[in-house]
Amino acid sequence: MGFESRAERRRVRWFFAGLLVVSAVLDIVNTLLVQHQTRSQVLETLLPASVTLGGRTGAVLSGLALLLLAGGIARGKRVAFRLTLIVLGATIGFELIKDLDFEAAALFGWILFGLWWFRHHFDADSDPSRARWGLIVLGVGLLAAVIYALAGAAILENELAPEFGIVRTLESLLAALAGSPTTYRALTERANWFLTTLPIVSYALIIVALTQLLRPVLAPRAAAADRERLHRLLRERGRNYISHLAVHGATSYHWLDDDECVAFTLRGRTALALGDPIASPDRVATAARDFISYCDRQDWIPAFYQVDEREPYRSLGLTLVPIGAEAIVQVAGFDLSGKKRADLRYALHRSEKNGVRFVFGPAPSLVAEHAEELHRVSGKWLESHNSPELGYSLGTLATLADPDIVVGLAFGGDGRLDAFVSWLPVPMRGAWTLDLMRRSPDGSYGVIEALIVRSIEEARSRGITEVSLGMTPRIITSPDAAHGFESAWRAMYWGLDRFQRSRTLHRFKEKFGPRWEDRFLVVPSMSTFPEVMVALVRAHVPPPSVTATWLRSRLSPRRPEAGRRALVSTTGSGARVRSATATPASTRTVTTMTEMGSGRRMPRTASSE
């Protein structure tokens with residue numbers, strides 16, 4: 001579906017939703033306040049007064065129902081569309097019965113015809129199980145309202161006038177729903193309270209039922225076989241620098257063919273695709289278009305997080321929001337000469353002096369051999385950053401079970417693990433992406449810089465052409481000038497602890513002389529940005545049970561182990577803030593640093609401390 005088609009669909013949905021709201025409000029007011037005397041007199045010769053009053057009550061109820069359904073119409077829900085047609089048909093009848101209101105009947109008839117004419121714009125599904133549950137709740141709610149009215153009137157029969165009757169009680173219930181005086185008159189305060197609660201209880205039950213009916217479809221969770229299938233595809237089509245995390249961070253997959261897929265996570269109504277669609281470069285726009293159409297049918301908001309291609313999304317009329325820049329290092333041209341590499345030379349010199357030993361190899365084998373040390377370093381790093389393990393575009397220690405991920409370890413002179421990094425494969429680019437980067441607070445100073453330098457050399461020996469040091473979040477220059485978009489963007493990343501460290505991340509990565517490439521969040525329009533922003537935060541935050549466990553650990557009286565602050569994390573899967581991740585693998589390499597003389601003092605620029 002092209003931009004014009006989606007824009008037209010959105011306009012049609014919002015037009016009819018607004019028309020329903022305006023016409024329903026006007027009709028309710030007209031029914032309660034206006035009466036056509038001449039028409040009513042003519043109608044009284046044809047129908048009993050009780051029937052015309054019932055039509056007036058029905059007109060108010062149908063108006064309220066249209067107000068409730070307008071939200072579903074704005075979202076293009078098929079269930080809301082069908083219910084609205086039924087209610088509109090009933091409304092036309094009520095308008096004629098109450099006082100031959102031909103004008104209002106004609107208006108609602110025109111709306112009914114218009115909705116039917118544009119029916120192909122209202123095809124968004126609701127979750128089947130929730131829809132069935134909503135129908136059950138609706139039926140039970142109506143029955144409960146009737147039982148509540150009958151039981152209450154029977155119990156309070158001595159406090160109501162005239163005397164209790166089933167028909168009279170039902171008439172009172174309908175009158176209360178319509179906002180008209182009930183047929184009962186309260187003789188006590190308790191009876192007055194009962195009559196007042198009749199519409200409240202009924203409306204509450206109906207609203208709950210409609211909420212269930214209009215819930216968006218739940219995304220099917222990816223099975224183990226699907227993840228393995230995607231893993232194989234990534235070895236051929238992995239092109240985005242964070243695509244490999246789709247195996248671990250995304251919860252659902254949308255397959256176009258056997259060789260094209262969009263990995264996404266559903267939070268609320270937002271389907272967050274992780275990176276670009278996994279497809280050949282000339283098929284990215286087609287895959288994105290198909291995913292957007294799929295989301296429209298499910299009543300989801302499509303979004304693509306951290307994409308590196310602009311044109312495919314611009315051609316679809318989507319909005320690209322700049323979120324940061326990714327640091328790319330060309331392996332062949334990387335060296336340590338020049339003034340700008342002084343910090344790196346010092347870090348290597350100090351590591352050599354301290355006898356640091358570097359090990360590289362496939363993640364699973366190194367984890368199996370050094371699991372306890374990895375958990376120790378990771379735990380201290382998270383503790384020093386006061387953060388639980390995040391997810392989605394950020395890897396965790398669990399991803400180190402992936403055999404395609406390469407891990408680099410740095411052991412201090414005493415044999416203890418000081419730091420580790422992990423690298424994600426990017427096969428179509430012949431590249432690696434830095435994902436996990438953690439150092440023990442009491443580890444050797446500058447060991448992370450040295451570990452990354454040795455990682456680049458390791459990549460060169462394996463034929464890798466470039467390495468990504470991850471994305472640095474977009475920096476907001478003025479902390480006090482938060483307005484509009486900038487304020488919203490700051491609010492989203494504040495919870496992920498990124499803007500406090502974005503400048504430090506940028507300075508740290510600048511040591512390696514990278515080129516900077518812009519990265520974007522793609523949304524249908526800026527009107528959907530706030531909802532996408534909330535979904536993005538929710539996607540990164542761990543499940544409630546994990547978060548609760550972390551909060552309990554932070555609130556416990558035990559103080560964290562003292563030590564210098566750990567390195568600000570950098571990630572190949574977005575600006576890494578407090579998480580750990582893993583990456584590609586290959587043959588195992590060990591580099592041992594020998595003792596050397598003392599070096600000069602390191603300049604005090606951005607460091608890994």
Side-chain angles (χ1 to χ4, degrees), residues 1 3 6-7 9-14 17-18 21 68-77 79-80 121-127 130 210-219 249-252 254 262-275 288 291-307 313 316-324 390-393 473-474 482-496 498-499 519-544 574:
M1 182 183 297
F3 168 70
R6 287 188 293 105
R9 170 173 293 208
R10 188 163 54 248
R11 285 195 299 268
V12 168
R13 291 174 174 178
W14 280 97
V21 170
L68 293 174
L69 291 168
I73 291 296
R75 290 159 51 190
K77 303 292 290 186
V79 171
H121 291 301
F122 302 94
D123 58 356
D125 291 327
S126 295
D127 186 64
R130 297 296 181 92
L210 287 177
T211 300
Q212 296 296 321
L213 283 171
L214 301 180
R215 287 289 294 273
V217 177
L218 298 178
T251 58
S252 303
H254 174 62
V262 177
F264 68 97
T265 294
L266 184 67
R267 289 294 180 270
R269 290 180 54 228
T270 303
L272 287 166
L274 187 58
F291 178 68
I292 292 169
S293 298
Y294 171 68
C295 290
D296 284 343
R297 294 192 299 272
Q298 314 305 317
D299 186 30
W300 298 339
I301 299 173
F304 298 84
Y305 178 63
Q306 204 172 320
V307 304
Y313 306 99
L316 297 174
L318 301 172
T319 300
L320 284 81
V321 181
I323 58 174
L390 303 182
Y392 184 57
S393 69
R474 186 163 177 256
H483 300 290
F485 166 73
E486 299 286 7
S487 177
W489 195 238
R490 186 198 314 277
M492 184 191 74
Y493 272 116
W494 191 261
L496 297 181
R498 299 185 178 191
F499 275 107
R519 294 295 178 259
F520 303 91
L521 171 67
V522 180
V523 295
S525 65
M526 287 308 297
S527 63
T528 63
F529 179 76
E531 194 166 351
V532 173
M533 179 175 63
V534 172
L536 192 55
V537 173
R538 290 180 58 194
H540 283 91
V541 173

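The structure displayed is predicted, hence computed values, not measured ones. FYI, side chains are in, hydrogens and waters are out, and symmetry mates aren't considered; it's all heavy atoms of this structure. For the single chain, residues carry numbers from 1 onward in sequence order.
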- Please work out which of the three classes, parallel, tilted or perpendicular, describes the rings of Trp300 and Phe264, given edges at 30° and 60°.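 Phe264 and Trp300: tilted rings.
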Supply the atom-to-atom distance [X] [atom1] to [Y] [atom2], rounded to the nearest 0.5 angstrom.
{"X": "Ile301", "Y": "Leu266", "atom1": "CD1", "atom2": "CG", "result": "10.0 Å"}
{"X": "His121", "Y": "Asp296", "atom1": "NE2", "atom2": "CG", "result": "11.5 Å"}
{"X": "Arg269", "Y": "Asp299", "atom1": "CZ", "atom2": "CG", "result": "4.5 Å"}
{"X": "Leu536", "Y": "Tyr392", "atom1": "CG", "atom2": "OH", "result": "6.5 Å"}

- Kindly write out the residues that satisfy side-chain contact (heavy atoms from CB on, under 4.5 Å) with Ala250, not counting sequence neighbours, or none if the list is empty.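 Residues passing side-chain contact (heavy atoms from CB on, under 4.5 Å) with Ala250: Tyr253, Ala263, Thr265.
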- Can you sort out the partners of Ala288 under side-chain contact (heavy atoms from CB on, under 4.5 Å), two or more places apart, ordered by chain and number?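 Testing Ala288 for side-chain contact (heavy atoms from CB on, under 4.5 Å), a comparison that skips the adjacent residues, returns Pro277, Phe304, Tyr313, Leu316.
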- Query: Quick one: salt bridge (charged side-chain N to carboxylate O under 4.0 Å, His left out) partners of Arg13, sequence neighbours excluded?
  - Reply: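 With sequence neighbours excluded, Arg13 shows a salt bridge (charged side-chain N to carboxylate O under 4.0 Å, His left out) to Asp123, given in chain and number order.
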- Item | Under the ring pair (Phe, Tyr, Trp, His ring centres under 6.0 Å) test, residues paired with Phe122 that sit two or more places apart |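 In terms of ring pair (Phe, Tyr, Trp, His ring centres under 6.0 Å), with neighbours along the sequence ignored, Phe122 is linked to Phe81.
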- Query: Can you name the ring pair (Phe, Tyr, Trp, His ring centres under 6.0 Å) partners of Phe520, sequence neighbours left out?
  - Reply: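 Partners of Phe520 by the ring pair (Phe, Tyr, Trp, His ring centres under 6.0 Å) criterion come out as none, since no residue qualifies.
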Work out which heavy atom in [X] is nearest to a heavy atom in [Y]; give both atom names and the distance.
{"X": "Ala271", "Y": "Phe291", "answer": "CB-CZ, 3.9 Å"}
{"X": "Pro524", "Y": "Leu318", "answer": "CA-CD2, 3.9 Å"}
{"X": "Ile73", "Y": "Ala17", "answer": "CG2-N, 3.8 Å"}

- Query: Any side-chain heavy atom of Val532 sitting closer than 4.5 Å to one from Leu272?
  - Reply: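 Counting from C-beta outward, Val532 and Leu272 do come under 4.5 Å.
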- Query: According to the side-chain hydrogen bond (donor to acceptor under 3.5 Å, both in side chains) rule, which pairs have a member within residues 526-536, sequence neighbours left out?
  - Reply: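 The answer is Ser525-Ser527.
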